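Below is one structure, written out as structure tokens; the observations come after it.
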Amino acid sequence: MIGLASQSGPAHAEPPFADVAQQVGIDHVYRNGMDGSMHLVEITGGGVALFDYDGDGDLDLYATQGHSLKRDRPPGPVRQDRLFRNELIGPSSDGSLRFVDVTEVAGIRSRGYGMGVATGDYDDDGDLDLYVTNFGPNQLWRNEGDGTFRDVTAAAGSGVGDAGWSVAATFVDLDGDGRLDLYVGNYVEASIENPKTCRAATGELDYCGPLAYRPASDRLLRNQGDGTFLDVTRSAGLTVAAAGLGVGSGDFDGDGRIDLFVANDGMANQLWLNRTEPVQNGRSAKIRLEDDALFAGLAFNVGGQPEASMGVASGDVNGDGLDDLLITHLLRETHTLYLSRGGGAFLDATGQSGLAAPSWMMTGFGTAFLDYDLDGDLDLLVANGAVTNFDRNSLSAADVEHWILAEGEDRPGWRLHQPNQIFRNETVPGSSKIRFVDLGREAGDLFRRAEVSRGLGVGDLDNDGDPDAVIVNVEGPLRLLKNRSGDGKGWIGVRALGAAAPGGKPRDLYGSRVGLRLADGSYRWRTVRSDGSYASASDPRILFATVGVDDSSAGAVRVVWPDGVSEDYLKIRAGRYTDLIRGNGLAVTMRGVAGATHP
């Protein structure tokens, strides 16, 4: 048996995270409506969004919600998604982090069977809007800029209210016209009226896998600039249906255009390279995408097999300036790390990374790269929970002793609990060998507690300069993980914004590459994005540790904007967040795209 509780490296004085959800006013529990019918949707769970909806400089929280799957729902309170406003006053080392449920006040009426959520300013007014995916019709919520939202689904165009089973979604400018398009990832064609029946090896009823269903087709909606979207799915080349659960954006082939990676459950993954022609006269040609996952080395694992891909993390884990990919999978598959080799080619480096053994008996969903300890490199956080009745006899005695078993977890039909994991990046700078270490016991009881975790969002909720996290549990409390590892360490925070449209405010320019110049002249690169993970949206702001810079009190930052224009911003103060507005920096003459050693 491969053990799960492996640790090494320096010990922390205290666990890196503490769950403070209840203390700060968040009492959300995702209800899946399970009734013994073994509907697949019961085990997929929901997500969360961390975003500043009211523009006050701190991150608010949106959490999706499920409900009873019976046509005649039992009497009781109406369950719906919830919006929590962050009422932070200064950094929260003094305990000032507080959230208030403002769902009703904000006008949110999202009572479908909630799955995921995407955030982006689709109407270019400077306020972050919401797109909520459901098991059933999706919803587009327009931020009115006065603390309220308006459901504009019907008015936004055909396809926006996709009535299938959507999970992942992302706002991304694929045609380079400055407006955010919308990619909607659909899972499988399943219905409550015609359920599938599957059994475990023991003969007992169990949840079916995705291959028992017909895969659903994803949808691509092009922003028309007038508040509406046009369905361009087929004309863009998205003609192959696949069971999509995760989506992440970025320039994965280095050609200056934003691409999409889609994680498909039990089927080949897709790398949609952007082949859209450049903008001419303010408008580009039609969006054109091309699936290059097979040639890129991302369609299958190193053994040539499709895996149960759920969550997606993207970031530069080895400091070469290229975004790598991490995909979470089913137990006995491991989580898979793909290292970028440049030019759209990737290498399965799971075996050498130290991730294989600790993830072998885990089923991962939400995931993110984050520098939790502010040492300059990206660590890894994974939310775990099984999807079929989990045979705990397959674990070693040491593994079981390591877990804190959830109360009542062994009741019939609900044996899915697993602990979450955090991996510290211990890669030696300049080394070709990637090394992650499972913190195990060092991570504390929070990472020993077995739950059924799904969505995961990452962001600096208390504005103290280190990344926090929120994890959604199925039939369990939402966890708000306050970071304690970065306390007292140097940091620089930036937000990369496009110039304001007439009458509007600046908005995040997703896909921008932001680099912090180090003392040796190289850059530490990060990409502006809110997508990735599973069914969740994260903080698009960029956090840098000041490790390795000339002056720990300030830094020089370079931004490569999505259209390839580069600007330098000098003397960015440490210990605070700074807005970097396009056009306000020093123009840089350079060719190509962002890399680790650009001048």
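This structure is a prediction, so every number in the text was calculated from the model and none was measured. As a basis for the values below, the full set of heavy atoms in this structure was taken, side chains included, without hydrogen atoms, waters or symmetry mates.
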Examine distances only and state if a side-chain atom of [X] and a backbone atom of [Y] form a donor-acceptor pair shorter than 3.5 Å.
X: Asp531; Y: Gly248; value: no
X: Lys489; Y: Ala545; value: no
X: Thr328; Y: Gly311; value: yes
X: Asp508; Y: Pro540; value: no
X: Asn86; Y: Asp58; value: no
X: Asn463; Y: Gly57; value: yes
X: Thr133; Y: Val167; value: yes
X: Asp468; Y: Asn483; value: yes
X: Ser536; Y: Leu456; value: yes
X: Asp259; Y: Leu271; value: no

Verify whether the ring centers belonging to Tyr122 and Phe229 lie closer than 6.0 Å. yes
If every non-hydrogen atom of [X] is compared with every non-hydrogen atom of [Y], which pair is closest and at what distance?
X: Glu567; Y: Asn584; answer: OE2-N, 3.7 Å
X: Ala118; Y: Ala169; answer: CB-O, 3.5 Å
X: Phe369; Y: Phe436; answer: CE2-CZ, 4.3 Å
X: Ala368; Y: Ala313; answer: CA-CB, 3.9 Å
X: Gly256; Y: Asp251; answer: N-OD2, 2.8 Å
X: Val494; Y: Ile572; answer: CG1-CG2, 4.2 Å

Can you measure from [atom1] ([X]) to [atom2] ([Y]) and round to the nearest 0.5 angstrom?
X: Asp81; Y: Met115; atom1: CG; atom2: CE; answer: 11.5 Å
X: Asn420; Y: Leu481; atom1: CG; atom2: CG; answer: 8.0 Å
X: Leu289; Y: Tyr183; atom1: CG; atom2: OH; answer: 8.0 Å
X: Leu570; Y: Asp568; atom1: CG; atom2: CG; answer: 6.0 Å
X: Leu260; Y: Ser249; atom1: CG; atom2: OG; answer: 6.5 Å
X: Arg541; Y: Leu50; atom1: CZ; atom2: CG; answer: 10.0 Å

Please table the atom pairs, donor to acceptor, closer than 3.5 Å between any side-chain atom in residues 574-581 and protein atoms at least two apart or in another chain.
from	atom 1	to	atom 2	distance (Å)
Tyr577	OH	Asp460	OD2	2.6

Salt-bridge test for [X] and [Y]: reply yes if a basic N is under 4.0 Å from a carboxylate O, no otherwise.
X: Arg142; Y: Asp125; value: yes
X: Arg526; Y: Asp316; value: no
X: Asp323; Y: Arg529; value: yes
X: Asp379; Y: Arg424; value: no
X: Asp173; Y: Arg179; value: no
X: Asp127; Y: Lys505; value: yes
X: Lys482; Y: Asp464; value: yes
X: Arg98; Y: Glu87; value: no

Is any side-chain heavy atom of [X] less than 4.5 Å from a side-chain heavy atom of [Y]?
X: Val559; Y: Tyr569; answer: yes
X: Tyr62; Y: Leu130; answer: yes
X: Val470; Y: Arg479; answer: no
X: Asp371; Y: Pro467; answer: no
X: Arg524; Y: Leu518; answer: yes
X: His335; Y: Ile327; answer: no
X: Leu339; Y: Asn318; answer: yes
X: Phe99; Y: Leu461; answer: yes

Could you go through Val458 and Asp539, starting from their C-alpha distance and side-chain angles, then the distance that decides it, and tell me whether this counts as side-chain contact (heavy atoms from CB on, under 4.5 Å)? CA-CA 6 Å; Val458 170; Asp539 184 0; over 6 Å; no
Determine whether Ile471 and Leu478 satisfy the following criterion, side-chain contact (heavy atoms from CB on, under 4.5 Å), listing intermediate values before the conclusion. CA-CA 6 Å; Ile471 295 176; Leu478 179 147; over 6 Å; no
Pair [X]-[Y], side-chain donor/acceptor within less than 3.5 Å:
X: Thr427; Y: Arg435; result: no
X: Ser485; Y: Asp373; result: no
X: Ser309; Y: Asn264; result: no
X: Thr336; Y: His329; result: yes
X: Asn473; Y: Ser453; result: yes

Please step through side-chain contact (heavy atoms from CB on, under 4.5 Å) for the pair Leu543 and Leu370, ending with a clear verdict. CA-CA 9 Å; Leu543 266 174; Leu370 71 170; over 6 Å; no
From CA spacing to verdict: salt bridge (charged side-chain N to carboxylate O under 4.0 Å, His left out), Arg275, Asp253: CA-CA 11 Å; Arg275 304 304 191 196; Asp253 60 354; 3.6 Å; yes
Show your working on side-chain contact (heavy atoms from CB on, under 4.5 Å) between Arg85 and Tyr53 and close with a plain yes or no. CA-CA 8 Å; Arg85 185 179 64 232; Tyr53 87 91; 3.7 Å; yes
Check each of Leu182, Ile287, Val172 against Leu220 using the side-chain contact (heavy atoms from CB on, under 4.5 Å) test, and report the only one that passes. Ile287
In a check of side-chain contact (heavy atoms from CB on, under 4.5 Å) between Leu380 and each of Asn425, Leu355, Asp438, which one passes? Leu355
For the residue pair Phe171 and Tyr131, does the interplanar ring angle fall in the parallel (under 30°), tilted (30 to 60°) or perpendicular (over 60°) class? perpendicular
Parallel, tilted or perpendicular, judged at 30° and 60°: which one describes the rings of His28 and Phe84? perpendicular
If you count the non-hydrogen atoms of other residues, nucleotides and ligands that lie under 6.0 Å from CZ in Arg517, is the total more than 12? no
Should Arg582 and Asp563 be marked as a salt bridge (charged side-chain N to carboxylate O under 4.0 Å, His left out) after you check the CA-CA gap, both sets of side-chain angles, and the distance that decides it? CA-CA 11 Å; Arg582 177 174 172 151; Asp563 62 358; 2.7 Å; yes
